[in-house]
Amino acid sequence: QVQLVESGGGLVQPGMSLRLSCAASGFTFSNYVMSWYRQAPGKERDLMASISRTGGTNYANSVKGRFTISRDNAKSTVYLQMTNLKPEDTAVYYCNARPGSIYSLTNYWGQGTQVTVSS
C-alpha cells in the first residue's frame, strides 16, 4: 500500500549536478516529515536532509550549501537537488517518510537510487 519510489540517480562527474525525486503514495503525504538518507558501501545509513510538513529544512554539515531538499504536496513528491557533487557523495540515496511526531514509530523507506560521482 505505502510506496516511496526514488528516481534520478546516475553517474556524473565531480562538480556536476543531479536532482533526485521520490514519489509517494498510500499515505497522507502532507502530514509526514520527508527525508533523504544515503549509504555508501561498508558504511552506515546517514541522514542528509529533511523537510517538515510546512517546508522547514535541515541538512547534514557535509552537504549544507550544496544540497537542497524541497517538496510538492500536490504531487506527493520530495526532491533533492544536488550541486557541486564530490566523489564522497557516491552512495545509494534513500527516501524516508515519518509522521511529524517524535513519539511515532512509523517509518517508510524507498528502494534507493544509486548516485556515482567519478571522473
Side-chain angles (χ1 to χ4, degrees):
Q1 182 178 348
V2 172
Q3 281 195 309
L4 296 174
V5 182
E6 301 99 330
S7 62
L11 173 63
V12 297
Q13 298 182 99
M16 300 300 290
S17 299
L18 204 60
R19 188 179 79 156
L20 306 183
S21 298
C22 173
S25 61
F27 62 97
T28 305
F29 181 82
S30 61
N31 289 341
Y32 282 69
V33 176
M34 302 300 298
S35 300
W36 286 97
Y37 288 71
R38 73 184 183 191
Q39 186 169 27
K43 296 187 177 181
E44 64 183 2
R45 187 174 299 185
D46 293 326
L47 175 64
M48 292 294 102
S50 61
I51 184 166
S52 73
R53 296 173 297 158
T54 55
T57 58
N58 192 44
Y59 299 92
N61 288 333
S62 59
V63 304
K64 188 174 296 184
R66 298 190 298 122
F67 290 11
T68 301
I69 188 171
S70 61
R71 67 192 296 160
D72 186 337
N73 287 345
K75 297 181 178 180
S76 294
T77 301
V78 63
Y79 306 93
L80 186 66
Q81 179 67 50
M82 305 182 292
T83 63
N84 191 25
L85 284 162
K86 305 175 180 180
E88 51 262 45
D89 295 320
T90 296
V92 176
Y93 284 71
Y94 296 91
C95 180
N96 171 270
R98 63 175 177 84
S101 172
I102 63 173
Y103 303 106
S104 178
L105 296 179
T106 301
N107 225 348
Y108 301 137
W109 293 95
Q111 83 289 344
T113 185
Q114 177 71 49
V115 172
T116 302
V117 184
S118 177
S119 59

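Keep in mind it's a predicted model, so treat the numbers as computed, not measured.
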Which donor-acceptor pairs under 3.5 Å do side chains of residues 112-119 form with protein atoms, sequence neighbours excluded?
from : atom 1 : to   : atom 2 : distance (Å)
T113 : OG1    : G9   : N      : 3.3
Q114 : NE2    : A91  : O      : 3.4
Q114 : NE2    : T116 : OG1    : 3.3

According to the side chain to side chain donor-acceptor pair (under 3.5 Å) rule, which pairs have a member within residues 73-88, sequence neighbours left out?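 The answer is R71-N73.
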
Clusters formed by hydrophobic residues whose side-chain heavy atoms approach within less than 4.5 Å: which one holds V33, and what are its other members?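 Taking Ile, Leu, Val, Met, Phe, Trp and Tyr as members, V33 stands alone, with no cluster partners.
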
Listed pairs under 3.5 Å, donor-acceptor, residues 17-27 side chains, sequence neighbours left out:
none

Under the side-chain contact (heavy atoms from CB on, under 4.5 Å) test, which residues partner T106, sequence neighbours left out?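 Result, side-chain contact (heavy atoms from CB on, under 4.5 Å) vs T106: Y32, P99, S104, Y108.
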
In residues 48-57, what donor-acceptor pairs under 3.5 Å come from side-chain atoms, sequence neighbours left out?
from : atom 1 : to  : atom 2 : distance (Å)
S52  : OG     : T54 : N      : 3.3
S52  : OG     : T54 : OG1    : 3.3
S52  : OG     : G55 : N      : 3.3
S52  : OG     : G56 : N      : 2.9

Roughly how far apart are N58 CG and L47 CG, rounded to 0.5 Å?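 If we round to the nearest 0.5 Å, N58:CG and L47:CG are 7.0 Å apart.
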
So, taking the atom named CD in Q111 and the one named CG in L4, what distance separates them when rounded to the nearest 0.5 Å?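 Here the rounded value is 8.5 Å.
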
Listed by chain and number, what are the side-chain hydrogen bond (donor to acceptor under 3.5 Å, both in side chains) partners of [X], not counting sequence neighbours?
{"X": "D89", "result": "R38, R66"}
{"X": "S30", "result": "none"}
{"X": "Q3", "result": "none"}
{"X": "N61", "result": "none"}

In this structure, would [X] and [Y] fall into the same cluster of hydrophobic residues linked by side-chain contacts under 4.5 Å?
{"X": "Y94", "Y": "F67", "answer": "no"}
{"X": "V63", "Y": "L85", "answer": "yes"}
{"X": "Y93", "Y": "L11", "answer": "no"}

Short question: side chain of Y59, backbone of I69 - any donor-acceptor pair under 3.5 Å?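 Yes: the side chain of Y59 pairs with the backbone of I69.
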
Y37: which residues meet the ring-ring contact (aromatic ring centres under 6.0 Å, His included) condition with it, sequence neighbours left out?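 ring-ring contact (aromatic ring centres under 6.0 Å, His included) check on Y37 returns W109.
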
Output every pair passing salt bridge (Lys or Arg N to Asp or Glu O under 4.0 Å) with a member in residues 103-119, not counting sequence neighbours, ordered by first then second residue.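 Checked against salt bridge (Lys or Arg N to Asp or Glu O under 4.0 Å) - neighbours excluded - no pair reaches residues 103-119.
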
